[in-house]
Amino acid sequence: MESGEADGGGLVVAGGQAAVGANGSVVFQIYRDGTLVADSGPMTVGQPAKRLTADLTGGTELRLVATDGGNGNNSDHADWGGPLSTCR
Ligand SMILES: [Ca+2]
């Protein structure tokens, strides 16, 4: 996902769900200006979606990242659902 502005402070809430295949595993992360501000931890197939919340105050760039969970990308599939940002 491309960057978004959080001028003057903001909050992002996003859900993530993994993965296709028995061996699939991913990690969802939110970065504010290159700093990790939320991390789902490892997620595997069959787990319910997790909601991540991050404070974007003072940030100028938001990145939503899905990694391979540290074990390669075999069978990995990651979906971000309904990212929502708010300004205060
Ligand atoms: Ca993986």
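First listed ligand is number 1; within each ligand, the first listed atom is number 1. Any value given below was found using the heavy atoms of this structure, including those in side chains, with hydrogens, waters and symmetry copies removed.
At least one donor-acceptor pair under 3.5 Å links the side chain of D33 to the backbone N or O of E61. No donor-acceptor pair closer than 3.5 Å links the side chain of N73 to the backbone N or O of D68. Of the possible donor and acceptor atoms, one in the side chain of R32 sits under 3.5 Å from a partner among the backbone N and O of D55. At least one donor-acceptor pair closer than 3.5 Å links the side chain of D76 to the backbone N or O of S25.
Around the Ca ion (ligand 1), the protein contributes the following N, O or S atoms at distances under 3.0 Å: S25 O, D68 O, N71 OD1, G72 O, D76 OD1, D76 OD2.
Put simply, L62 and V27 are part of two different groups of oily side chains (I, L, V, M, F, W, Y) that touch within less than 4.5 Å, one to the next.
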CA sep, side-chain torsions, deciding dist, call: V26, T67, side-chain contact (heavy atoms from CB on, under 4.5 Å): CA-CA 6 Å; V26 299; T67 78; 5.7 Å; no
